[in-house]
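Side-chain atoms are counted along with the backbone in the values below, which use heavy atoms only and exclude waters and symmetry mates.
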Amino acid sequence: MQGMKMKALAAGIALMFSGATFAADVPAGVALAKKQEIIWGVGTEVPTLDPTMTTDDSSSKIISDLFDGLVSEDTQGNLIPALATHWETSADGKTVTFYLRDGVQWSNGEPLTAYDVEYSFKRNADPASAAPYSWYLATANILNAAEVTDGKKDKDTLGVKALDAKTVQFTLTQPTPYFVIMLSHPSTFPVYRKAIEKYGDSWTRPEHMVSSGAYTLTNWVVNERIDLVRNPKYWNDAKTVINKASYLAIENDTAEYNRYRTGEIDITSTFPLEQYKQIKKDRPDELVTMPSLATYYYLFNLDQKPFDDVRVRKALAYAIDRDVVTKIILGQGQIPAFGVTPPAVAGFDAPNLPWANLTQKERNQKARELLKEAGYTKDNPLKFELVYNTNEAHKKLALAMMSMWKQSLPVEVDLANQEWKTFLQKLSQKDFSLARYAWVGDYNEASTFLSYFESKGMNYSDWANKAYDKAMSNALAAKTDAERKKYYQEAERIFSEDMPAIPVYFYTKTVIKSPKVGGYSTTNASAYRYTRDLYMMK
């Protein structure tokens, strides 16, 4: 579906969607519960509910219930219209025009217009906003996005313009076949200007927030819970079933599972690793494992010694036994990662990477040789700190990494865990040496994983490689899918030669879900599950 739509866009065809499935689709004969309320576990406390400021999965999940974008995804991850009914692309592929729905409103009843869309994109790009996802606009090739974000041009030069109240036009620097798909990411969702200008950072408090999605914010108790209720002004409210959604912030996986067992949570954010076999035995129909567009890394800070030395980076990457990680420590179908892009990504085939073909014994030997070349021996061990955000699974994996490295290499590793908000701050401020990291795809195409490591990408490692950037530029300009894939594979090979991060494994997504929850996709590789698509059964 997505591939066909991208080709149509490139040809300049206006796309109309008359039969797309959107919102809850309750099968005939299903008996609905009288009380349509759902409680989600979201793991950690969310850092923000401001779409422009979101970078993490937990925040984005709730934001996607509160706000709509121009486009969205259905339950299977297919691109569908949201605030816009349709869009069209110019013959040269550099202009994309969206047409908003008739009568679409903010939750306070005011009209939501194309001027709101223009304002929101310019707010994102404005360096005064310090939006952490502003780089995403340059990756989408919106005209002047990089220059505006870097403070070299005024935000009003950004290639986003409201032609009238219902029409917004994007000007791109070059044809971008996946541009429309990129607009399903929460950081691109329109925000309500009056609330932001009146309340500043506190506009996301329940008493101030004005939203556009299926739900509105009624309660936010930090480190405890967030409550949303159904938005009667939502353009598709007639097809929404759930009346209230709550999100509980519980960092401990076992504590979250215990609250699921007592009926306080309907869908967990994850599950306790050490109880996996028992849960699978006791609750086989409730433990749900799905494909995932996500990669687990350890991210180097190349600005700090010793990780400015590629030999050190490669040594640590080689000395991890990924079979032990995926089959013994995790054991839910995760796949060893030697590259950036997960196999769940549509239309991508990983290149043949030499280090991936070695046995673990051979990789360990090569790691020792590299460290010795870099000057690290038993008498002069490599010393560094590995930081991770507070979570039992991350802690367990960090301990395993430390053990593997110490068994194979002359290293001394200190582990440090931090609360999620502090952890994100350290990453953004480059205040780390080696950090646990993960990237969840913003859309189903290889560029969402590979563009992260471009010089203009988010790239907390501060890695910059001209050959890598060139491969990604060539991929964007490619005339065919096969040619684009060739350049993506070239980028993967360059990454493995320079190793700015250690790919560890490709995720699966496992949650524990109440049998009463209907409409939850167990096959979609996308990160998002929208409350608007769900319903509670008797």
Side-chain angles (χ1 to χ4, degrees), residues 38-69 72-73 120 123-124 129-137 182-192 195-196 199-206 208-228 245-251 256 267-270 292-294 389-391 394 418-428 436-443 448 452 458 460 507 509 511 526-532:
I38 191 168
I39 302 177
W40 299 82
V42 290
T44 186
E45 167 66 19
V46 300
T48 184
L49 290 181
D50 183 337
T52 308
M53 300 300 168
T54 186
T55 63
D56 69 294
D57 210 27
S58 297
S59 296
S60 294
K61 191 268 170 285
I62 302 175
I63 287 168
S64 295
D65 280 347
L66 287 166
F67 293 87
D68 248 3
S72 187
E73 297 178 353
S120 302
R123 175 181 182 244
N124 193 330
S129 298
Y133 241 64
S134 59
W135 64 272
Y136 191 70
L137 306 184
M182 293 183 73
L183 301 190
S184 64
H185 189 269
S187 67
T188 69
F189 292 179
V191 291
Y192 185 65
I196 294 168
Y199 300 111
D201 290 344
S202 67
W203 81 272
T204 56
R205 298 303 306 164
H208 300 151
M209 181 181 281
V210 176
S211 55
S212 62
Y215 298 89
T216 59
L217 179 66
T218 60
N219 179 51
W220 186 357
V221 180
V222 175
N223 289 318
E224 188 175 327
R225 69 184 293 138
I226 291 173
D227 297 304
L228 313 185
S246 299
Y247 311 84
L248 304 189
I250 308 167
E251 287 191 344
E256 185 186 60
I267 305 175
T268 67
S269 64
T270 182
S292 182
L293 298 174
N389 56 295
T390 304
N391 177 282
H394 299 327
Q418 293 166 343
E419 182 267 339
W420 183 233
K421 287 184 180 179
T422 304
F423 179 73
L424 288 178
Q425 285 179 342
K426 287 183 78 71
L427 288 178
S428 63
R436 172 263 158 191
Y437 197 65
W439 186 254
V440 180
D442 296 321
Y443 49 95
T448 188
Y452 175 89
M458 192 171 179
Y460 288 133
Y507 279 74
K509 174 67 174 176
V511 301
S526 169
Y528 299 117
R529 299 293 186 275
Y530 304 94
T531 302
R532 69 183 187 221

Atom [atom1] in [X], atom [atom2] in [Y]: separation rounded to 0.5 Å?
X: T44; Y: E419; atom1: OG1; atom2: CD; value: 5.5 Å
X: L66; Y: T204; atom1: CG; atom2: OG1; value: 10.0 Å
X: D201; Y: T48; atom1: CG; atom2: OG1; value: 8.5 Å
X: T448; Y: L293; atom1: OG1; atom2: CG; value: 8.5 Å

Using a 4.5 Å cut-off on heavy atoms from C-beta on, say whether the side chain of [Y] contacts that of [X].
X: L49; Y: I226; result: yes
X: N124; Y: T188; result: no
X: V511; Y: T270; result: no
X: Y530; Y: E73; result: yes

Show, in sequence, the C-alpha distance, side-chain angles and deciding distance for S64 and R532, and conclude whether the side chain to side chain donor-acceptor pair (under 3.5 Å) test is met. CA-CA 10 Å; S64 295; R532 69 183 187 221; over 6 Å; no

Under a 3.5 Å distance rule, please check whether [X] uses its side chain to pair with a backbone N or O of [Y] as donor and acceptor.
X: S526; Y: Y528; result: yes
X: S129; Y: R123; result: yes
X: Y452; Y: Y460; result: yes
X: W203; Y: Y192; result: no
X: H208; Y: S202; result: yes
X: S269; Y: V42; result: no
X: S59; Y: D56; result: no

Examine the side chains of [X] and [Y] and answer whether a donor and an acceptor come within less than 3.5 Å of each other.
X: T531; Y: D65; answer: yes
X: Y437; Y: N389; answer: no
X: T390; Y: E251; answer: no

Test side chain to side chain contact (heavy atoms under 4.5 Å, CB included) on M53 and Y133 and set out the steps.
-> CA-CA 7 Å; M53 300 300 168; Y133 241 64; over 6 Å; no

[X] and [Y]: which non-hydrogen atoms are nearest, and at how many Å?
X: P51; Y: I63; answer: CG-CG2, 3.8 Å
X: M209; Y: L217; answer: SD-CB, 3.9 Å
X: S120; Y: V191; answer: OG-N, 2.8 Å

Inset, instruction - Evaluate the criterion side chain to side chain contact (heavy atoms under 4.5 Å, CB included) for residue pair D68 and F189; output intermediate values, then yes/no. - result: CA-CA 6 Å; D68 248 3; F189 292 179; 5.8 Å; no

- Carboxylate-amine/guanidinium contact D57 K509, below 4.0 Å: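 Not counted as a salt bridge, because no side-chain N and carboxylate O are separated by less than 4.0 Å.
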
Check: Y215 ring centre within less than 6.0 Å of F67 ring centre: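 Not under 6.0 Å, so no.
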
Would you say the rings of Y443 and H185 are close, in the sense that their centroids are separated by under 6.0 Å?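 Not under 6.0 Å, so no.
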
Does the side chain to side chain contact (heavy atoms under 4.5 Å, CB included) test come out yes or no for Y136 and M458, once each step is laid out? CA-CA 8 Å; Y136 191 70; M458 192 171 179; over 6 Å; no

**Result of checking L228, N219, I39 against S246 for side chain to side chain contact (heavy atoms under 4.5 Å, CB included)** =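 The passing option is I39.
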
Practice problem: Test E45 against W220 for side chain to side chain donor-acceptor pair (under 3.5 Å), laying out the working first. | Solution: CA-CA 10 Å; E45 167 66 19; W220 186 357; 2.9 Å; yes

Residue pairs passing the salt bridge (Lys or Arg N to Asp or Glu O under 4.0 Å) test with at least one member in residues 214-226, sequence neighbours excluded, are R225-D227

Start with the C-alpha distance between T54 and S60, add both sets of side-chain angles, then the distance that settles side chain to side chain donor-acceptor pair (under 3.5 Å), and finish with yes or no. CA-CA 6 Å; T54 186; S60 294; 3.0 Å; yes

Quiz item: Where does the angle between the aromatic ring planes of W420 and F423 fall among parallel (under 30°), tilted (30 to 60°) and perpendicular (over 60°)?
Solution: parallel

